[in-house]
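Inspection log for the structure reproduced underneath, given as structure tokens.
Letters A, B, ... mirror the listed sequences (proteins, then strands); counts begin at 1. As the structure is a computational prediction, the values presented were derived from the model and not from experiment.
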Amino acid sequence: MLDIKFIRENPDIVKKTLAEKCLTLDVDELLAIDKKIIQIKQLMEAELQKRNALSKEMPKASPERKEEIKELSKNSGQQAASYAEELKPLEEQFKSMMGMTPTIPAPDVPRGTSEDENVVIRQVGEKPTFDFELKDHVELMDLNNWGEFKKISQICGSRTVGIKGELLQLEMALWQFTINKLMTKGFTVMSVPSLSFENAFYHTGHFPFDYDSVYSIPKDNLYLAGTAEVILNSIHAGDILKESDLPIMYAGFSPCFRREAGAAGKDTRGLIRVHQFSKVEQYIICKADVAESDKMHQFILQNAEEVMQEMEIPYQIIANCTGDMGAGKYRMNDIEAWCPGQNQYRETHSCSSLLDWQARRTNIRYREDETGKVKYAYTLNNTGLATPRVLVAFIENHQQADGSVRIPKALQPYMGGKTKIGGK
RNA sequence: GGAGAGUUGGCAGAGUGGUAAUGCAGCGGAUUGCUAAUCCGUCAUCAUGAAAAUGAUGCACAGGUUCGAGUCCUGUACUCUCCGCCA
């Protein structure tokens, strides 16, 4: 969410951003409510002030005066309570509208209304050519007995899968490779639960925007997070950090759950879109400085690219346009991996800068060394590695004529020295 | 699942219904000058104000009792101790 002071002073910029991001929010109404809340609060505060003054007098008052004070104080209290009652619905509406206010995107972000207007900013790696008939990942999995699709779906529902044999070994090697890399880059690596309370989802901004894409466990008031970001972001909720603590860099590993409610009939085949997967997520809290945030953005993007390069998977970097980036984002770059079996690039990573939008919701602040002032921090996140989706690109790119899959050099130590898996 | 004890500022830590002590750290200022000490102020949010300042709110969270709640009551979350169950 934005600073209300900024909205008061720049309503036109906010309106323009809403249009660019294809969001609807009545800014004039928000400002009207803001004004009204302040008016009522002033009246309420005047009553409370009266009551406080009377309370102060109370212990030293004569018995008759005490009775008088009781009466006066009660009146003020009741008056204040009625103002508070009046405020309640206004504040609720204010809060929910504030939650919808958008971060003003970076000036160089492409303007557009849907993902069709995203811009490819660079392509890295060479697409492989095959002198045999190439297979897609499902065919490769069948051939090598790497997947349990049918039985698992019957037990666990659609979009679930069991990963078997050497493909599981590969999956785990990829996690380990990524965790090790991020550790050497200075990240605090941490496995985090997927279960969390509702609050954490509001903090990140997943709620109220994406309510339908999250699994809930009503009996225990818990929800299943679709990304470790939800948990990592709330670790410092309410904290006032020291500037010298920043940047805080977490690499979280967790099972991730997504209902995929809006994706009925889409990507139903194979590993592309499943309800449960595992992910290493990069998450950063840095000081409130756009240049610093941009630097961090490039850093976490670079980390993800390095993994892709060392895995020898061709990919492209997308500049997501305003209409595809979500309310909170200042800048967003997806990484899409080349998947020869589908003859297209598929999203495997999503790198986002949110400035203070998320930190305001979560109440993550820090004390500036020089001034002693308390400021909202900036937050960023990017995928480190998401399996099994990245396995699709991995095995399709590295497949051989006999159905085996070669293991790039960098990963061989994590695979017990194997140079290939599967095949005859 | 059962029983008990807790949760107070960046940190530590008092506070048994009447203005949230005190210490440390940070920031601002004063003073003295050998790398520091001492003193004063400030130290979360909001409103009014050019500012100084003034006022309101803030003691895990949400309610309640009361003229008045950190303090009493109810619910929730978490932490610790013990019992039970358990990979």
Side-chain angles (χ1 to χ4, degrees), chain A residues 1-9 30-95 97-99 191-203 207 216-223 230-231 234-246 248 255 285 287-288 356 359-377:
Chain A
M1 77 185 148
L2 290 173
D3 188 346
I4 183 64
K5 285 178 198 153
F6 178 86
I7 304 173
R8 283 177 201 148
E9 285 161 21
L30 175 65
L31 289 172
I33 292 171
D34 173 49
K35 216 169 185 178
K36 190 135 192 225
I37 286 175
I38 289 172
Q39 281 170 358
I40 298 173
K41 262 194 181 160
Q42 283 170 354
L43 293 170
M44 183 175 81
E45 284 182 10
E47 292 300 331
L48 288 171
Q49 190 182 345
K50 272 191 227 165
R51 194 185 72 174
N52 287 347
L54 291 164
S55 275
K56 214 187 230 176
E57 194 188 335
M58 187 69 163
K60 291 164 262 169
S62 65
E64 309 87 73
R65 178 65 182 152
K66 270 188 181 166
E67 284 311 308
E68 218 175 288
I69 288 174
K70 266 192 197 181
E71 202 46 45
L72 288 168
S73 178
K74 198 172 189 174
N75 282 342
S76 284
Q78 279 169 354
Q79 194 58 250
S82 84
Y83 285 130
E85 207 55 40
E86 207 179 325
L87 275 175
K88 228 178 186 175
L90 288 172
E91 283 190 316
E92 243 164 64
Q93 200 183 347
F94 179 76
K95 204 178 150 194
M97 287 177 93
M98 282 299 284
S191 71
V192 297
S194 308
L195 288 165
S196 53
F197 293 116
E198 197 175 14
N199 240 353
F201 292 82
Y202 279 103
H203 289 164
F207 289 173
S216 67
I217 303 170
K219 191 178 175 188
D220 297 290
N221 281 322
L222 288 165
Y223 296 80
V230 173
I231 286 80
S234 278
I235 286 179
H236 295 289
D239 282 3
I240 299 179
L241 302 159
K242 279 187 260 175
E243 188 176 336
S244 58
D245 292 337
L246 303 177
I248 289 174
I285 303 173
K287 59 183 179 183
D356 61 1
R360 282 180 184 279
R361 302 170 78 94
T362 314
N363 201 16
I364 304 172
R365 294 170 296 172
Y366 69 99
R367 197 178 296 280
E368 228 177 20
D369 280 347
E370 223 164 276
T371 61
K373 279 201 173 131
V374 174
K375 284 191 162 178
Y376 286 102

Margin query: Both A:D369 and A:I4 contact RNA chain B. Taking the nearest nucleotide for each, which residue is further toward the 5' end?
Written below: A:D369
Notebook entry, point to check: Toward the 5' end of RNA chain B, which comes first, A:E368 or A:M44, by nearest nucleotide?
Noted result: A:E368
For the side chain of [X], counting heavy atoms from C-beta on, which of [options] is nearest?
{"X": "A:S55", "options": "B:A44, B:C67, B:A47", "answer": "B:C67"}
{"X": "A:N52", "options": "B:C67, B:A44, B:U57", "answer": "B:U57"}
{"X": "A:I38", "options": "B:C46, B:U48, B:G18", "answer": "B:U48"}
{"X": "A:S73", "options": "B:C67, B:A47, B:A56", "answer": "B:C67"}
{"X": "A:Q42", "options": "B:C46, B:U48, B:G18", "answer": "B:U48"}

Rounded to whole angstrom units, what separation is found between the [atom1] atom of [X] and the [atom2] atom of [N]?
{"X": "A:R365", "N": "B:G26", "atom1": "CZ", "atom2": "C1'", "answer": "15 Å"}
{"X": "A:I37", "N": "B:U57", "atom1": "CD1", "atom2": "P", "answer": "18 Å"}
{"X": "A:D239", "N": "B:A44", "atom1": "CG", "atom2": "P", "answer": "15 Å"}
{"X": "A:R367", "N": "B:C11", "atom1": "CZ", "atom2": "P", "answer": "10 Å"}
{"X": "A:Q79", "N": "B:C67", "atom1": "CD", "atom2": "C1'", "answer": "16 Å"}
{"X": "A:L48", "N": "B:C46", "atom1": "CG", "atom2": "P", "answer": "18 Å"}
{"X": "A:N363", "N": "B:C46", "atom1": "CG", "atom2": "P", "answer": "10 Å"}
{"X": "A:K373", "N": "B:A44", "atom1": "NZ", "atom2": "P", "answer": "11 Å"}

Say you pick atom [atom1] in [N] and the same atom in [M]; how far apart are they, in whole Å?
{"N": "B:U16", "M": "B:A21", "atom1": "C1'", "answer": "16 Å"}
{"N": "B:A25", "M": "B:C78", "atom1": "P", "answer": "36 Å"}
{"N": "B:G49", "M": "B:A44", "atom1": "P", "answer": "22 Å"}
{"N": "B:C43", "M": "B:G29", "atom1": "P", "answer": "16 Å"}

Note to self: Centroid separation under 6.0 Å, is that true for the rings of A:F201 and A:Y223?
What the structure shows: yes
Margin query: Check this for me: does any side-chain nitrogen of one of A:D239 and A:R365 sit under 4.0 Å from a carboxylate oxygen of the other?
Written below: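 No salt bridge links A:D239 with A:R365.
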Note to self: Check this for me: does any side-chain nitrogen of one of A:E92 and A:K95 sit under 4.0 Å from a carboxylate oxygen of the other?
What the structure shows: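 Salt bridge absent between A:E92 and A:K95.
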Checklist line | Main-chain N/O of A:A288 paired to A:Y366 side chain as donor or acceptor, under 3.5 Å | finding: yes
Margin query: Using only modelled atom types and a 3.5 angstrom limit, is any donor from either the side chain of A:Q49 or the base of B:G55 paired with an acceptor on the other?
Written below: no
Notebook entry, point to check: NA contact type, A:R360, heavy-atom cut-off 4.0 Å: base, sugar-phosphate, or nothing?
Noted result: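 It contacts nothing in the nucleic acid.
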Checklist line | Close side-chain approach of A:E91 to A:E86, heavy-atom, < 4.5 Å | finding: no
Margin query: Only Watson-Crick and G-U wobble pairs with both distances less than 3.5 Å should count. Give RNA chain B in dot-bracket notation, marking inter-strand partners with |.
Written below: ((((((((.[[[..)..(...]]].(((((.......))))).(((((....)))))..[[[[[..)....]]]]])))))))....
Just the atom pairs and distances: protein N or O near nucleotides 69-78 of chain B's N or O, under 3.5 Å.
none

Check: For residues 63-71 of chain A, which residues have at least one heavy atom under 4.0 Å from RNA chain B?
Finding: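 When residues 63-71 of chain A is checked for heavy atoms under 4.0 Å from RNA chain B, the hits, listed by number, are A:K70.
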